[in-house]
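By convention here, the first residue in the shown sequence is residue 1.
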Amino acid sequence: MSSRTGIPGAGPGGRAPRAALVAPAPGWTLDADVVVVGSGVAGLTAALRCADTGLRTVVVTKARLDDGSTRWAQGGIAAALGEGDTPEQHLDDTLVAGAGLCDEEAVRTLVTDGPAAVRRLIAAGAQFDLSATTGEIALTREGGHHRSRIAHAGGDATGAEISRALVAAARAKAVRTVENALVLDLLTTPDGHTAGVTLHVMGEGQHDGVGAVRAPAVVLATGGMGQIFSATTNPAVSTGDGVALALRAGAEVSDVEFVQFHPTVLYLGPDAEGQQPLISEAVRGEGAHLVDADGVRFMQGQHELAELAPRDIVAKGIMRRMREQGAAHMYLDARHFGAVMWESRFPTILAACRAHGIDPVTAPIPVAPAAHYASGGVRTDLHGRTTVPGLYACGETACTGVHGANRLASNSLLEGLVFAERIADAVADARMTASAPEEAREEATPGATATAHAPLLPPEARAEIQRIMTHGVGVLRSADSLARASAALDALPAAGSAAAPAKTAEPGVDTWETANLHLVARALTAAALRRAETRGCHWREDRPDRDDAAWRRHLVITLRPDAQSPTLDTLDLTTTDSTVFPPVSPVIRKEYP
């Protein structure tokens, strides 16, 4: 095992080798001080704060401004806002949920800065549900929390309300946006500093086709990677674009093996694919019970919090019961809520269930785990800086060390909020002191420092990637299933897919997204195969025990393009010496004291 304190695999001058997608040269350009990729809570918070400091800010988003993952968040945002609650208690719950792999300094930053960040969100226009008796913010509980500290809005529409408020603020401030745009690759100067991004606008808006936004700072806030699995709670845009871009740019990613499978997703049948309706953990927080087909509660005795145990424990409990009984799903029983509570507290979930022929007022809800949240991502320090100078990451795209091996419920919106603000401050400070010189930025061209081009796959390969990942790298994993998945993924560039063998792939949105999914799937599978233990939401059937002596540390991955191979590059995996991440890079530490 080894640790890294600099940029791994760096070439001459300290630059990491780079890969790039095959794409046309940019036909148009925009200039900015910072480009933010993504329009969820993390992206818009970073953009608004950057704009407030006077930075020329451009937001690039893959769909419409309000179509990101944030608006799908149901449960709420966690912070020590209630009487008797403290950041220290929030820290303790987060560390327990993270299964020994959280970076404690990052968690302390989150829980200490969190309450004030939520209040600033409210000041920006977000309206949370209030208690009818006290008039204060109504707080509830979710899995892993020992106190009621989850603020919610619209009953179960918290993400939609946060998205509405931030989008309204961005429009009020006239923050420049480029919608319906897929970001392709990082632009860099000859010495390896970030100089912007290339992107493809999908037939709408002021620009069309491939272009470039030139800026000395890039913030990745592209959300998750749930679409690498057949069934997920993630929207269709969650194809791991930020993590894939960062890998191709030479950045480190970490902890990608820890994909959280939400325990209670509406079960729609064995062939259900794509985004599935989530049944928020807040339903269990309000007193719903998990039961089998006979109505027996099976989480009691498995954990002191029963149905409100951390998500990895509940997901495993459901999977065990399903295997014991040969069942395809379990049930969530909240009939005792009654119609009035369902309609007022969980109107979104009630409507989703009824749309699929299930009335939770009168019948238990069939549920099963599905891919939900990536606890890992692009490795950053406490100011969102990555191992590539000028490149930042926040939200689900990032790995700050906060979540460890398993995210605590409702910490994700808070992480996006807190670390986005810290990134904006770091970008503003860097711009005031020193950034990439203007003349160097002008020299930057797409792929100028690339040593290879990432293989493009036909769009039909997307379903094949999802099938491979679902069967080999899902909730239950083993050395055999992971090895088979790895071999199948590696064979795809040469073989195409089962649906379209060896079909020539042309540059375009579908093939670029599929290339991103393929790269992220390979990284996740490699990390899951290397981590020979069960920890948090990484469950190895062949290694059922947690092994702190060997594995209480982080796996770090970088991409090493191979100019000799037209179809595949190499993933380098190493480990840290402890749960503490090493500094992101000597280059960045010199530039940003």
Student: Before giving the answer on ring pair (Phe, Tyr, Trp, His ring centres under 6.0 Å), spell out for Phe229 and Phe261 the whole-Å C-alpha distance, their side-chain angles and the decisive distance to 0.1 Å.
Tutor: CA-CA 11 Å; Phe229 295 96; Phe261 286 76; 5.3 Å; yes

Student: So do the side chains of Val41 and Ile77 get within less than 4.5 Å of each other, counting heavy atoms only?
Tutor: no

Student: Would you sort out whether Glu415 and His403 count as a side chain to side chain donor-acceptor pair (under 3.5 Å), showing the intermediate values?
Tutor: CA-CA 9 Å; Glu415 183 197 30; His403 303 309; 2.8 Å; yes

Student: Is any side-chain heavy atom of Val35 closer than 4.5 Å to a side-chain heavy atom of Val219?
Tutor: no

Student: Begin with the C-alpha distance, continue with both residues' side-chain angles, and end with the deciding distance and a verdict on side chain to side chain donor-acceptor pair (under 3.5 Å) for Gln227 and Asn234.
Tutor: CA-CA 7 Å; Gln227 290 292 326; Asn234 291 189; over 6 Å; no

Student: Under the side chain to side chain contact (heavy atoms under 4.5 Å, CB included) rule, collect the residues that match up with Asp93, sequence neighbours excluded.
Tutor: His145, His146, Arg149, Leu408

Student: Is the backbone N or O of Gly211 less than 3.5 Å from a side-chain atom of His200, with the two atoms forming a donor-acceptor pair by type?
Tutor: no

Student: So Thr380 and Arg385, do their side chains get closer than 4.5 Å, heavy atoms only?
Tutor: no

Student: Nearest 0.5 Å, please: how far is CG in Leu101 from OG in Ser375?
Tutor: 10.0 Å

Student: Do the side chain of Thr232 and the main chain of Ala371 share a donor and acceptor less than 3.5 angstrom apart?
Tutor: yes

Student: Any sub-3.5 Å donor-acceptor pair from Thr525's side-chain atoms to Ala521's backbone N or O?
Tutor: yes

Student: Picking from Val59, Val175, Thr57, what satisfies side-chain contact (heavy atoms from CB on, under 4.5 Å) with Cys50?
Tutor: Thr57

Student: Under the rule for side chain to side chain contact (heavy atoms under 4.5 Å, CB included), what residues qualify as partners of Ser254, not counting sequence neighbours?
Tutor: Arg379, Cys399, His554, Val556, Phe581

Student: So do Leu524 and Ile228 actually touch side chain to side chain, heavy atoms under 4.5 Å?
Tutor: yes

Student: For Leu382 and Thr109, work out which heavy atoms get closest and say how close.
Tutor: CD1-OG1, 3.9 Å

Student: Heavy-atom count around Glu533 CD within 6.0 Å, excluding the residue itself: above 12?
Tutor: yes

Student: Is it the case that the side chain of Thr61 and the backbone of Leu65 share a donor-acceptor pair, with hydrogens and angles ignored and the cut-off at 3.5 Å?
Tutor: no

Student: In the structure I gave you, are the side-chain heavy atoms of Leu186 and Leu391 within less than 4.5 Å of one another anywhere?
Tutor: yes

Student: With a 4.0 Å cut-off, would you call Glu105 and Arg108 a salt bridge?
Tutor: no

Student: Using a 4.5 Å cut-off on heavy atoms from C-beta on, say whether the side chain of Val60 contacts that of Val58.
Tutor: yes

Student: How would you list all residue pairs meeting salt bridge (charged side-chain N to carboxylate O under 4.0 Å, His left out) that involve residues 218-243, not counting sequence neighbours?
Tutor: Lys62-Asp241

Student: Is there a donor-acceptor pair closer than 3.5 Å between any side-chain N or O of Thr397 and the backbone N or O of Gly223?
Tutor: yes

Student: If the threshold is 4.0 Å, N to carboxylate O, is there a salt bridge linking Asp548 and Arg535?
Tutor: yes

Student: Check whether Ser481 reaches the backbone of Ser478 with its side chain - one donor and one acceptor, N or O, closer than 3.5 Å.
Tutor: yes

Student: Hey, does Thr29 have a side-chain heavy atom less than 4.5 Å from the side chain of Val213?
Tutor: no

Student: Between Thr400 and Asp103, what is the shortest heavy-atom contact and its length?
Tutor: O-CB, 4.4 Å

Student: Answer whether the closest heavy-atom distance between the side chains of Lys316 and Val475 falls below 4.5 Å.
Tutor: no

Student: What's the verdict on side chain to side chain donor-acceptor pair (under 3.5 Å) for His262 and Thr233, showing C-alpha distance, side-chain angles and the deciding distance?
Tutor: CA-CA 8 Å; His262 197 289; Thr233 63; over 6 Å; no

Student: Going through the distances and angles, do Leu492 and Leu457 end up as a side chain to side chain contact (heavy atoms under 4.5 Å, CB included)?
Tutor: CA-CA 8 Å; Leu492 275 180; Leu457 296 167; 4.3 Å; yes

Student: Once you round to the nearest 0.5 Å, how far does OG1 of Thr70 lie from CD of Glu396?
Tutor: 9.5 Å

Student: Which one of Arg531, Arg477, Arg543 satisfies the side-chain hydrogen bond (donor to acceptor under 3.5 Å, both in side chains) criterion with His538?
Tutor: Arg477

Student: Is it the case that the side chain of Trp512 and the backbone of Leu456 share a donor-acceptor pair, with hydrogens and angles ignored and the cut-off at 3.5 Å?
Tutor: no

Student: Just how far is it from atom CD of Glu252 to atom OG1 of Thr387, taken to the nearest 0.5 Å?
Tutor: 4.5 Å

Student: Keeping Thr194 on the side-chain end and Val218 on the backbone end, is there a donor-acceptor pair under 3.5 Å?
Tutor: no

Student: So, applying side-chain contact (heavy atoms from CB on, under 4.5 Å) with Arg248, which one of Asp569, Leu519, Leu184 is it?
Tutor: Leu519

Student: Is any NZ, NE, NH1 or NH2 atom of the basic residue among Arg553 and Asp577 found under 4.0 Å from an Asp or Glu carboxylate oxygen of the other?
Tutor: no

Student: Which pair of heavy atoms, one from Ala370 and one from Ala231, lies closest together, and at what distance?
Tutor: CB-O, 3.9 Å

Student: Quick check: closest heavy atoms across Asn406 and Gly536, and the distance to 0.1 Å?
Tutor: CB-CA, 4.2 Å

Student: Let me confirm one number: the CH2-CG distance from Trp539 to Asp312, rounded to the nearest 0.5 Å.
Tutor: 10.0 Å

Student: Measure the CD1-CG distance between Ile423 and Leu220 for me, rounded to the nearest 0.5 Å.
Tutor: 9.0 Å

Student: Of all heavy-atom pairs between Ala46 and Ala420, which one has the smallest distance, and what is that distance?
Tutor: N-CB, 3.7 Å

Student: Can you measure from CG (Leu414) to CG (Asp113) and round to the nearest 0.5 angstrom?
Tutor: 9.0 Å

Student: Under 3.5 Å, is there a donor on one side chain and an acceptor on the other for Arg407 and Ser412?
Tutor: yes

Student: Any donor-acceptor pair under 3.5 Å linking the side chain of Asp185 with the backbone of Leu21?
Tutor: yes

Student: Of all the heavy-atom pairs spanning Ala527 and Glu257, show the shortest one and how long it is.
Tutor: CB-OE1, 3.5 Å

Student: Strictly distance-based, threshold 3.5 Å: is any side-chain N or O of Arg540 a donor or acceptor partner for the main-chain N or O of Leu476?
Tutor: no

Student: Go through the steps for Thr386 and Val584 under the test side chain to side chain contact (heavy atoms under 4.5 Å, CB included), then give the verdict.
Tutor: CA-CA 6 Å; Thr386 75; Val584 287; 6.0 Å; no

Student: Under the criterion side chain to side chain contact (heavy atoms under 4.5 Å, CB included), I'd like the reasoning laid out for Thr222 against Val183: C-alpha separation, chi angles, the key distance, then a yes or no.
Tutor: CA-CA 9 Å; Thr222 54; Val183 168; over 6 Å; no

